[in-house]
Amino acid sequence: MKKLILLSTIITAAGIAIISSCSKDVVGRTDETPALKPANLDLNAGTWKPILLTAPTDIAVAAPIATNTPDYIAQVNEIKSFQATLTDKEKAIVKYWSAGAVLRWNEILRELVARHNLPPYQNADGTYPFPSANNPLAYPQFPFANPPYAARAYAYVSAAQYDALVSAYYYKTLYNRQAPYNADSTVNVLIPRSDLPSYPSEDAVVEGVSVELLKLLFPGDQDYIQLKAEEHKRARIIAGANVRSDMEAGEALGKAVAQKFVARARGDRAGAAAGNQALWTALDSTTRARGEIPWISQESPKRPPMLPAFGKVKTFLFDSLTAVSLVPAPPPLTASQQMKDETAEIYNIVKSPTREQTRIVHFWADGVATYTPPGHWDAIAAEDFIGKNFSEVRWARNMALLNMSLMDAAIVCWATKYKYFNPRPSQLDPGIKTTTGLPNFPSYISGHSTFSGAAAAILGRIIPERATAYDAMAQEASLSRMYGGIHYKSDCTVGLTVGKNVGAYAIQRANTDGADN
Amino acid sequence: MTRVQQLLMVLCCLAFSINTSKAQTDMDAIMMSKKQLCIGPMYAHSSWKNYWEGTLKRDNANLGTVSTQLYSLMAAYGVSDKLNVLFSVPYIKTKASAGTLHGMQGTQDLSLFVKWMPVEKEIGPGTFSIYTIGGLSIPLTNYVADYLPLSIGLRSKTASARLMLDYQVGNIFATVSGTYVFRDNIKIDRTSYYTDHLILSDEVEMPDASNVNFRAGYRSDKLILEAVLNKWTTIGGFDMTRNNMPFPSNRMNATTAGIDFKYTVTKKHNLFIVGGGNATISGRNVGQATTFHGGLFYVLDFSKKRSSKPSTKTTPAKK
């Protein structure tokens, strides 16, 4: 008997050892991204048209010290002393950041959005608390990074990165200070060599601008953001890519450019987007006065509609009159036969969804605790951009075009939603059960469709050979909301069109910003 | 976006709580005799209104009461008196009583167990036996895991190793077992998700789990009546954050207490009913479920010799 127990124990232990030794680590799709090696250095980027800056020289950057000065040589020696004692962790940091500054800060931003995309839990009396930017760590934490908030965050960070890089590239060609490994051939370089002048550092520019904007957008996450920033700066010096003065000049430029965007953000009316009880009541009563059934929250307890005044936020790609003109004609009347038919259509789809329909719903859901639909389009874009070997400034330009489109799409979409205040399918027919979370705001037009129409339009301009694929993705994203039981067909088709119309303004900008000359 | 809030996992809990309660299962110290097949349907109903969001207990008016119904076919076969194989195939249906979320239904995982009794020995006044049980579970369909608390399961392929000890004096017995459950990673329908950080993949690392089960009571050929205590612990995983949705790789823990019986209906011992229920007395990232189950089993004897006692061996080998 003892032998048997012993035998069983040995077999069990061996089994556990074998199975435990299998790695379950999940590798992210961009974890192994190779170091950025631009196909084109874009040395003329200093002439590209900025977004908020009036000229690349708005922020002055002092001339760098010469590469034969004792100060510069000391900075090169700093690189060498780092490299003399390289740890595996330092090598990993270099590898991570070498994939690209715009890529990595976009991923960090997506992470912050996903972390904060959680609707507040109700108060004991059935009302809901609102996050406060002045007390970001108290529950509910600031921000609630819902899709409009996220779209705006992506746009500001991307646009500011772009402006700061245009300015940086201007100074790079103006001062033409070579990279440390070109100034001193004994410097070991851990990333691909480049003839791009290294002062001011494009990485430090992106880091500086991102940190400053994230202070505004995610004020409760400073510890994490600073950790990333320090790591980024260290990676560039360890890698032999920049000396300290490249980094300091770049970071200062980035922070200064960021201030212009912070000032814009403080005055863009997003702070008032949540509205108040008077606005929420007026939305209901004016809709009833029109003879229409108003949207009603289907959450329990009833939650105020999400950001009803977000439609008044200041757009990036066009002026406020244009924004108003992009708002589509009304949805079918709630009492109309068309609305009855469209409601019945959703009921029939959702009654017994197929596995493929459910896959599509969940693939595009981008709901709670995700980086939202704009973040999903950023992810799609980023993974395609990786294969294009864009320079940092072109990465930033393309991300800015995409994210300004997504933010402006959110603004026009939200203006539409609260102009018509149209009920969801499951409000008109409570028999409709949804296969994804029901968004707490009016139905017409579909946010996913608007975002996707805009994103597909501008991405098709940036990577023309993928235009058909982007359109197909947008169609599927749009359809996913019908499959989910949360939108009518009109919401989706009109949303796609409105998105495409918004995207046209980004295309127009892309055609004239000087980047394709 | 709203969120309907959610909760979690009854399913994984359900899967184990139901397994623990059927007779002739991987969790009890009962063996089929050689060439005997015990087979029959089981039904279980599990529901909860409260759940643990991490360690915080709450309810959710956007879910109301979440209920799960399980219909399964189960069987145990005696390869020999000391070696049994068991399987079960459940069909599961979920529903939330409030909110707008659509329930789900489908065939879940095939479970297979090999149960071996290497030791059965008179010790002191009673009989002591040792069992080792190896288990596998494999999803039978491409069902959705990432829709908790309404998905029908977690989709993970699992392998489990269990050591079980049983001691019986007269008609009184006690059984204790410990299990380690290896869980394979799963694929979900989306391309990124947030745990305690953002992961850009559709693959989810599933933490392993352990289970401890204690049962004691009365056991005779005619009737088994036992109290059951079960503790499921996920080794790793993360807590749901405030007002967040549950996720398959959450740290799901649950302790349940309940009662099970097996009653032999016919004198030939070839037809019996089982039933029972349990309540969740503590948990983490799981629903506070109350579960009831019942089943009807029939024993087919494929041995040439007509056994005078074609049923399960439930009494000590030697008196």
Student: Quick one: what part of Thr370(A) sits under 4.5 Å from any heavy atom of chain B, side chain, backbone, both or neither?
Tutor: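 Contact with chain B: side chain only.
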
Student: Can a salt bridge be assigned to the pair Lys49(B) and Asp59(B) using a cut-off of 4.0 Å between side-chain N and carboxylate O?
Tutor: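 Salt bridge present between Lys49(B) and Asp59(B).
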
Student: Check whether the side chains of Trp377(A) and Ser452(A) place a donor and an acceptor atom closer than 3.5 Å, and report yes or no.
Tutor: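 Yes.
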
Student: Is it true that Arg190(B) and Asp202(B) make a salt bridge, defined as a side-chain N closer than 4.0 Å to a carboxylate O?
Tutor: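 Not counted as a salt bridge, because no side-chain N and carboxylate O are separated by less than 4.0 Å.
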
Student: Looking at chain B, which one of Thr30(A), Val350(A), Ile108(A), Ile360(A) has the largest number of heavy-atom pairs inside 4.5 Å, strictly under?
Tutor: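 Option with the top pair count is Val350(A).
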
Student: In terms of heavy-atom proximity below 4.5 Å to chain B, should Pro353(A) be classed as side chain, backbone, both, or neither?
Tutor: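 For Pro353(A), the side chain is the part near chain B, not the backbone.
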
Student: Looking only at the side chains, is there a donor atom on one of Gln122(A) and Thr127(A) sitting less than 3.5 Å from an acceptor on the other?
Tutor: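 No, no side-chain donor-acceptor pair sits under 3.5 Å.
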
Student: Can you tell which part of Thr241(B) gets under 4.5 Å to a heavy atom of chain A, answering side chain, backbone, both or neither?
Tutor: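 Contact with chain A involves the side chain of Thr241(B) alone.
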
Student: Side chain to side chain contact (heavy atoms under 4.5 Å, CB included) with Val361(A): which residues, sequence neighbours excluded?
Tutor: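 With sequence neighbours excluded, Val361(A) shows a side chain to side chain contact (heavy atoms under 4.5 Å, CB included) to Thr435(A), Thr436(A), Tyr483(A), given in chain and number order.
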
Student: If the condition is salt bridge (Lys or Arg N to Asp or Glu O under 4.0 Å), which residues does Asp189(B) pass it with, not counting sequence neighbours?
Tutor: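 Listed in chain order: Arg355(A).
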
Student: Specify which of His376(A), Arg29(A), His362(A) makes the most heavy-atom pairs with chain B at under 4.5 Å.
Tutor: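 Top count of heavy-atom pairs under 4.5 Å with chain B: Arg29(A).
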
Student: Between Asp31(A) and chain B, which part of the residue has a heavy atom less than 4.5 Å away: side chain, backbone, both or neither?
Tutor: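 Neither part; nothing is under 4.5 Å.
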
Student: Which of the residues Tyr139(A), Tyr121(A), Trp364(A), Tyr371(A) is involved in the greatest number of heavy-atom pairs with chain B at under 4.5 angstrom?
Tutor: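 The candidate making the most pairs under 4.5 Å is Tyr121(A).
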
Student: Under 4.5 Å, counting heavy-atom pairs only, tell me which of Ser300(A), Pro301(A), Gly28(A) racks up the most with chain B.
Tutor: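 Ranked by contacts with chain B, first place is Ser300(A).
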
